[in-house]
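All remarks here apply to the structure that follows.
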Amino acid sequence: MTTRSALLVLADGRFPAGGHAHSGGAEAAVKAGRIKDATDLEAFCRGRLHTTGLTSAALAAGAAHGLDPFELDAAADARTPSEALRAAARKLGRQLMRAARAAWPSPELDALADAFPRGAHQPVVLGTAARAAGLGPEDAAHCVAYETVGGPATAAVRLLSLDPYQATAVLARLTPEMDQVAARAAEAARQGVDALPAASAPLLDLTAEQHAAWPVRLFAS
């Protein structure tokens with residue numbers, strides 16, 4: 001029987017879904033001088049959580065709720081103006097799909113993989129994986145909320161040689177806000193695709209395009 005422990009597996013940074021290769025915009029922010037220390041990292045993560053994090057969490061919650069994956073993927077495209085970020089989301093979706101199908105084989109994951117051979121958006125795949133694992137919309141939204149801040153925090157440790165204890169403290173301080181974002185996302189998902197948030201962070205879109213053109217970089221995005 002699947003239990004809530006499946007959420008821990010899905011959210012685990014060791015789950016082979018490719019997230020370790022992406023900084024969530026932190027690499028570009030570090031180079032631009034917007035992240036220099038733990039205080040800056042917390043502000044960056046908070047902004048990302050309440051914008052793109054909320055949007056992605058709602059998409060994942062919608063997939064876990066059983067909303068139409070084609071509509072959700074189109075909604076994700078519409079909410080991702082950066083071509084570089086759309087490409088990254090689909091690449092992450094492909095990688096997550098491979099891991100999810102191995103962990104929780106299901107007809108829904110198979111159908112999604114067949115429908116999007118180049119990869120559906122990562123939050124849509126994550127929500128479908130959560131559903132296959134017996135998890136609900138809130139679980140999927142919590143997973144995305146954590147990923148939204150966990151990725152940049154881990155990247156900052158590598159990019160700045162930031163004390164990992166400080167990075168972990170940033171995540172701990174943000175936990176109440178992660179809960180709030182996950183709850184908002186799950187509630188929106190229950191109202192249908194048209195009710196999903198479309199919060200954005202234009203600076204992340206701009207810097208993602210710049211980052212994609214760098215000849216040398218540590219992270220894929």
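All values below come from the heavy atoms of this structure, side chains included, with hydrogens, waters and symmetry mates left out.
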Item to check | Spacing of CD belonging to Gln210 relative to OG belonging to Ser82, to within rounding of 0.5 Å | outcome: 10.0 Å
Next on the checklist: Tell me whether Glu147 contacts the main-chain N or O of Ala11 through its side chain, where contact means a donor paired with an acceptor under 3.5 Å.
Outcome noted: no
Item to check | Under 3.5 Å side-chain donor-acceptor pair for Gln122 and Gln95 | outcome: no
Contacts under 3.5 angstrom, residues 45-52 side chains, donor-acceptor by atom type, not counting sequence neighbours:
residue : atom : partner : partner atom : Å
Arg46   : NE   : Glu177  : OE1          : 3.1
Arg46   : NE   : Glu177  : OE2          : 3.0
Arg46   : NH2  : Glu42   : OE2          : 3.2
Arg46   : NH2  : Glu177  : OE2          : 3.1
Arg48   : NE   : Gly24   : O            : 2.9
Arg48   : NH1  : Thr148  : O            : 2.7
His50   : NE2  : Glu177  : OE1          : 2.8
Thr51   : OG1  : Gly47   : O            : 2.7
Thr51   : OG1  : Arg48   : O            : 3.4
Thr52   : OG1  : Arg48   : O            : 3.4

Item to check | Backbone N/O of Ala28 and side chain of Lys31: donor-acceptor pair under 3.5 Å | outcome: no
Checklist entry - Does Thr55 offer a backbone N or O that forms a donor-acceptor pair with the side chain of Arg79 under 3.5 Å? => result no
Checklist entry - Are the side chain of Asp73 and the backbone N or O of Pro69 linked by a donor-acceptor pair below 3.5 Å? => result no
Checklist entry - Under the 3.5 angstrom rule, does the side chain of Asp179 hit a backbone N or O of Pro176 as a donor-acceptor pair? => result no
Checklist entry - Which residue pairs pass the ring pair (Phe, Tyr, Trp, His ring centres under 6.0 Å) test with at least one member in residues 29-49, sequence neighbours excluded? => result none
Checklist entry - Picking from Leu59, Leu196, Val181, what satisfies side chain to side chain contact (heavy atoms under 4.5 Å, CB included) with Leu54? => result Val181
Checklist entry - Do any pairs count as a ring pair (Phe, Tyr, Trp, His ring centres under 6.0 Å) and have a residue in residues 112-133, sequence neighbours left out, and if so which ones? => result Phe70-Phe116
Checklist entry - So, for Arg217 and Ala212, which heavy atoms are closest and what is the spacing to 0.1 Å? => result NH1-O, 3.3 Å
Checklist entry - So Asp40 and Arg34, salt bridge (charged side-chain N to carboxylate O under 4.0 Å, His left out) or not? Walk me through it. => result CA-CA 7 Å; Asp40 294 338; Arg34 286 188 289 273; over 6 Å; no
Item to check | Minimum-distance pair of heavy atoms, taken over all atoms of His22 and Ala88 | outcome: CE1-CB, 4.1 Å
Checklist entry - Is Asp77 paired with Arg90 through a side-chain N to carboxylate O contact shorter than 4.0 Å? => result yes
Checklist entry - Which value, rounded to the nearest 0.5 Å, describes the distance between Ile35 atom CD1 and Leu162 atom CG? => result 9.5 Å
Item to check | Check against side-chain contact (heavy atoms from CB on, under 4.5 Å), Leu112 and Val125 | outcome: CA-CA 8 Å; Leu112 187 62; Val125 179; 4.1 Å; yes
Item to check | Heavy-atom closest contact (Pro117 atom, Asp114 atom, distance) | outcome: CD-O, 3.6 Å
Checklist entry - With a 3.5 Å cut-off and no angle check, do the side chains of Glu108 and Thr128 form a donor-acceptor pair? => result no
Checklist entry - Is any side-chain heavy atom of Leu41 less than 4.5 Å from a side-chain heavy atom of Leu160? => result no
Next on the checklist: Is the shortest side-chain heavy-atom distance between Leu109 and Met97 below 4.5 Å?
Outcome noted: yes
Checklist entry - Is there a chain of hydrophobic side chains (I, L, V, M, F, W, Y, each step under 4.5 Å between heavy atoms) that links Val193 to Val124? => result yes
Checklist entry - What do you reckon, is CZ of Arg98 surrounded by more than 12 foreign heavy atoms closer than 6.0 Å? => result no
Checklist outcome for this item: d(Asp12 CG, Tyr146 OH) to nearest 0.5 Å is 8.5 Å
Next on the checklist: Strictly distance-based, threshold 3.5 Å: is any side-chain N or O of Ser23 a donor or acceptor partner for the main-chain N or O of Ser221?
Outcome noted: yes
Checklist outcome for this item: Nearest heavy-atom contact between Arg86 and Thr80 is NH1-O, 2.8 Å
Item to check | Atom CD of Gln191: over 12 foreign heavy atoms under 6.0 Å | outcome: yes
Item to check | Exam field: side chain Glu27 to backbone Phe219, donor-acceptor pair closer than 3.5 Å | outcome: yes
Checklist entry - Is it true that a side-chain atom of Thr207 and a backbone atom of Leu204 form a donor plus acceptor pair closer than 3.5 Å? => result yes
Checklist entry - Under 3.5 Å, side chain of Arg131 to main-chain N/O of Ala64, donor-acceptor pair present? => result yes
Checklist entry - Looking at Ala153 and Leu171, what are the two nearest heavy atoms and their distance? => result CB-CD2, 3.8 Å
Next on the checklist: Please determine whether residues Met178 and Leu8 belong to a single hydrophobic cluster, defined as Ile, Leu, Val, Met, Phe, Trp and Tyr linked transitively by side-chain heavy-atom distances below 4.5 Å.
Outcome noted: no
Item to check | Closest approach of Ala60 to Val144 (non-hydrogen atoms, all atoms of both residues) | outcome: CB-CG2, 3.6 Å
Next on the checklist: Could you see if Val157 belongs to whatever hydrophobic cluster contains Val170? Use Ile, Leu, Val, Met, Phe, Trp, Tyr and a side-chain cutoff under 4.5 Å.
Outcome noted: no
Item to check | Residues Arg4, Asp139: salt bridge by 4.0 Å N-O rule | outcome: yes
